Colleague: 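My questions all concern the structure below.
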There are 2 protein chains.
Amino acid sequence: MNIREVAKIAGVSTATVSRVLSGSVPVDAKTESKVRAAIEKTGYYPNSHARMLGSGKSNTYGLIVSDIANPFFPELVKSFERLAVEHNQEVLIANTDYHPERTEHCVRRMLEHKVDGVAIMTSEMAPHLIQILSKRGIPIVFLDTGTVGRLISNISIDYEHGIDLAINHLTSLKHREIAFVEGPRDLKSATIRRDAFVSSLKRNGIKVAPGFICQGNHGIDGGQRAMSELLALPKRPTAIMCSNDLTAIGVLIAAHVAGVRVPQDISIVGFDDIELSSLMQPALTTIRVSRTEIAARAFEALYGAAHGGIEKGINYTIPSELIERQSTGPCPPKSVRKA
Amino acid sequence: MNIREVAKIAGVSTATVSRVLSGSVPVDAKTESKVRAAIEKTGYYPNSHARMLGSGKSNTYGLIVSDIANPFFPELVKSFERLAVEHNQEVLIANTDYHPERTEHCVRRMLEHKVDGVAIMTSEMAPHLIQILSKRGIPIVFLDTGTVGRLISNISIDYEHGIDLAINHLTSLKHREIAFVEGPRDLKSATIRRDAFVSSLKRNGIKVAPGFICQGNHGIDGGQRAMSELLALPKRPTAIMCSNDLTAIGVLIAAHVAGVRVPQDISIVGFDDIELSSLMQPALTTIRVSRTEIAARAFEALYGAAHGGIEKGINYTIPSELIERQSTGPCPPKSVRKA
DNA sequence: TTGAAAGCGCTACCAT
DNA sequence: ATGGTAGCGCTTTCAA
């Protein structure tokens, strides 16, 4: 079933059917109803590929994430997809799985589908791949890892402010011995958080004790390992700030296993506010970064570039917000602390 | 940049370039290297839409889920996408959000993209929509809600066996007062679980006490509400089986809030083994249903139908498995139980 | 092994 | 307001 058959049945030209379908050009009411009847009768659905070819527009945005099963992403993907559908666009979702090879394949898919823009929500994107997209005039929006330029936008998460909120929260609870479990060293957004932690402490007149900055990997297991290191320290911290929620959850679990009470003995703060965090026992105090808002800005950036003709890249800043739950409490008095 | 320009640069016809690209037909080594050089030089990427139109095959499978942010799905989506990429297929992901209207839109998208098959991993699919797909000869695979037929496969989860494993586990711990928190009444897979629970108890010579089958909604909130009802009962159960993990987590949280210890006072079992479950405190004993395997079967069904020409639908059964964690323990002696 | 050319289904421009 | 028709970029016969 194609447009020609529909046209024949309706007794009009294919052009008219096309016009009824797109609704862009006025069509006589009678003609339109004849066409609609023919469409109804034949169960005709236009071929999106042919439409793409004819019009030269794919109406598709690419969405590249590192791991769709990572709790940070599903909500982001969902919001992005919803926006796309609302704007009659399609989404081509691609998972890099943190693999350079798969990442390259993802970009290839984007190119072959002639997407109208790409949201790159992963940090493992080799510059030459970005070049390839960019050279073809494809609008791009990065999460956290991009430099704004022509057709290139970026969404920055306000890590500094977020970390500040967390540290202020902890110091207001009288904590001074605050440790940090950092993320992967090669992840830009992770080092930003680490540095923000250090400078926030400095602003509060606290200096980082030796061994208080601990290596994690943004996964639960890394948090657990970091916590055992921290607990083995001759002088333990009274509070721990983590580079992300998954890390904090690992820390929480390790604390539980070691018989350390949270928040009575030690306070823990995460970062991201993934759904899981509110469900932990105790529920995790954390810094929320709205995934819905990230998705909205990403879509806005691409849509503006592709449909609004906005060539100038924009830098969006996503606010962060302290979510106080049960994993933080007053600093225990010195006498009570364990060795 | 299109195939004609590449052909011109390589000094061959477009047909030859096409043959090099597809690799289906033998091409002289020298010719091929000329073509490859031209492709390299021009940075040419074939237009997938044009390719689709020319060949009449979309190489795309649709994947319809009810809510990608529901913890059950991300891993399923990820596995499915991975398989597709490995087989050089594309995936068109669509979220119904449990909305009939959005569901209809999802199907329309599938049709317009001329997908080679659809995996319907949601139960809210109106029969007439299935008809529309089916009439066009599009292979379909359902999760749990389908009837096998021509070009229609189904993946059944072995709920009965899973529930049996759970009940046997509980009775071996001497539990006899076992309650069940069921899922939505209109969800076929939920009623199967409920019925399996009842018959499993019967097999064990236990009869269901009044008020021991409680309404949930497959969400955390439903589990919490059900638990308060259960705790208000004059005679409380010593163990609770839940229709899914999210429900069990709600029950767990409600228990915690009410000061009921798990598993000392009460044992809890979930169903699905979503990632969250192992992270709860205490970690949830549950019945695992492998999402990876569901994805693999779904892909297999569609690929076999679309590429292997297998018209006969297949019913796949996904095994279930007991995962013993910390939310279940021996039945407390009668004297210890609270009113 | 290669080339020429007829579509694939639709859009958009040019007429009328 | 409507029809005719030339592409869009590729695949796939058919010939050579």
Side-chain angles (χ1 to χ4, degrees), chain A residues 1-39 42-60 88 90 108-116 136, chain B residues 1-39 42-60 88 90 108-116 136:
Chain A
M1 183 53 46
N2 60 32
I3 201 172
R4 240 173 309 123
E5 299 196 41
V6 174
K8 198 185 301 174
I9 291 177
V12 299
S13 72
T14 61
T16 299
V17 176
S18 176
R19 287 190 270 257
V20 168
L21 248 24
S22 73
S24 52
V25 184
V27 175
D28 185 87
K30 272 189 189 161
T31 315
E32 170 159 358
S33 65
K34 275 191 299 180
V35 172
R36 294 221 178 277
I39 290 174
T42 55
Y44 164 73
Y45 287 87
N47 182 320
S48 66
H49 304 280
R51 173 176 284 180
M52 186 281 156
L53 207 54
S55 69
K57 335 186 65 334
S58 70
N59 287 335
T60 301
N88 274 305
E90 293 292 340
R108 165 176 289 275
R109 284 169 64 196
M110 300 296 150
L111 261 6
E112 297 191 346
H113 278 263
K114 310 299 169 191
V115 296
D116 297 333
R136 283 171 176 68
Chain B
M1 182 53 46
N2 58 34
I3 200 172
R4 241 173 309 125
E5 299 196 40
V6 173
K8 198 185 299 173
I9 292 177
V12 299
S13 72
T14 62
T16 299
V17 177
S18 175
R19 288 191 268 256
V20 169
L21 249 23
S22 73
S24 53
V25 183
V27 175
D28 184 89
K30 272 189 189 158
T31 316
E32 170 160 357
S33 63
K34 274 192 300 183
V35 172
R36 293 220 177 278
I39 289 174
T42 55
Y44 164 72
Y45 287 88
N47 183 321
S48 65
H49 304 279
R51 175 176 284 181
M52 186 280 158
L53 206 55
S55 69
K57 335 186 65 334
S58 71
N59 287 332
T60 302
N88 274 304
E90 295 292 339
R108 164 175 291 274
R109 284 170 64 195
M110 300 297 150
L111 261 4
E112 297 192 347
H113 278 263
K114 310 298 168 191
V115 296
D116 297 333
R136 284 170 176 69

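Per chain, numbering begins at 1; letters A, B, ... match sequence-line order. Just so you know, these numbers come straight off a predicted model, no measurement behind them.
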Colleague: Taking for each residue the nucleotide of DNA chain C bearing the nearest heavy atom, is the 5' side occupied by Ala15(A) or by Pro26(B)?
Modeller: Pro26(B)
Colleague: Does Tyr44(A) place a side-chain N or O at less than 4.0 Å from the phosphate oxygens OP1/OP2 of dC10(C)?
Modeller: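 Answer yes for this pair, as a side-chain N or O of Tyr44(A) is under 4.0 Å from OP1 or OP2.
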Colleague: So does Ser55(A) get a side-chain nitrogen or oxygen closer than 4.0 Å to the phosphate oxygens (OP1/OP2) of dT11(C)?
Modeller: no
Colleague: Return the value, rounded to whole Å, for the distance between atom CG of Asp28(A) and atom C1' of dA1(D).
Modeller: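 Going from CG in Asp28(A) over to C1' in dA1(D) covers 7 Å.
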Colleague: Nearest whole Å is fine: how far is dG9(C) P from Lys114(B) NZ?
Modeller: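 My rounded result for the distance is 9 Å.
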Colleague: Starting at CZ of Arg51(A) and ending at P of dT11(C), how long is that distance when rounded to a whole Å?
Modeller: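 Distance check: Arg51(A) CZ to dT11(C) P gives 5 Å.
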Colleague: Whole Å only: how far is the CD1 atom of Ile3(A) from the P atom of dG7(C)?
Modeller: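 It works out to 19 Å between those atoms.
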Colleague: To the nearest angstrom, how far is His113(B) atom NE2 from dC10(C) atom C1'?
Modeller: 14 Å
Colleague: Give Val17(A) one of three labels, base, sugar-phosphate or nothing, depending on what nucleic acid heavy atoms sit under 4.0 Å from its own.
Modeller: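 Since no nucleic acid heavy atom lies under 4.0 Å of Val17(A), the category is nothing.
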Colleague: If the cut-off is 4.0 Å, is Thr16(A) near the phosphate of dG3(D), judged by side-chain N/O to OP1 or OP2?
Modeller: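 Affirmative; the distance criterion is met.
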Colleague: Kindly determine whether Asn47(B) and Leu53(A) satisfy side-chain contact (heavy atoms from CB on, under 4.5 Å), including the steps that lead there.
Modeller: CA-CA 9 Å; Asn47(B) 183 321; Leu53(A) 207 54; 4.1 Å; yes
Colleague: Does Ile3(B) offer a backbone N or O that forms a donor-acceptor pair with the side chain of Thr14(B) under 3.5 Å?
Modeller: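 No: the side chain of Thr14(B) does not pair with the backbone of Ile3(B).
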Colleague: Can you tell me the distance, in whole Å, between the CG atom of Asn2(B) and the P atom of dC8(D)?
Modeller: 8 Å
Colleague: Does Ser24(B) use its side chain to pair, donor to acceptor, with the backbone of Ser22(B) at less than 3.5 Å?
Modeller: no
Colleague: Between dC10(C), dC13(C), dC8(C), which nucleotide gets closest to the side-chain atoms of Arg19(A)?
Modeller: dC13(C)
Colleague: Test Ser58(B) against His49(A) for side-chain contact (heavy atoms from CB on, under 4.5 Å), laying out the working first.
Modeller: CA-CA 9 Å; Ser58(B) 71; His49(A) 304 280; 4.2 Å; yes
Colleague: What does Ser22(A) touch in the nucleic acid at a heavy-atom separation under 4.0 angstrom: a base, only the sugar-phosphate, or nothing?
Modeller: nothing
Colleague: Compare the minimum distances between each of dA1(D), dT1(C), dC8(C) and the side chain of Leu53(B), then state the nucleotide with the smallest one.
Modeller: dC8(C)
Colleague: Regarding Ser18(B), tell me which of base, sugar-phosphate or nothing describes its non-hydrogen contacts under 4.0 Å with the strands shown.
Modeller: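 Result for Ser18(B) = base.
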Colleague: According to a strict under-4.0 Å criterion, is Asn47(B) in side-chain N/O contact with OP1 or OP2 of dG9(D)?
Modeller: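 No, outside the criterion.
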Colleague: Please step through side-chain contact (heavy atoms from CB on, under 4.5 Å) for the pair Met1(A) and Val6(A), ending with a clear verdict.
Modeller: CA-CA 8 Å; Met1(A) 183 53 46; Val6(A) 174; 4.1 Å; yes
Colleague: Take atom NE2 of His49(A) and atom P of dT11(D), then tell me their distance rounded to the nearest Å.
Modeller: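 Those two atoms, NE2 and P, are 14 Å apart.
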Colleague: Over how many whole Å does the gap from Asn59(B) atom CG to dC8(C) atom P extend?
Modeller: 19 Å
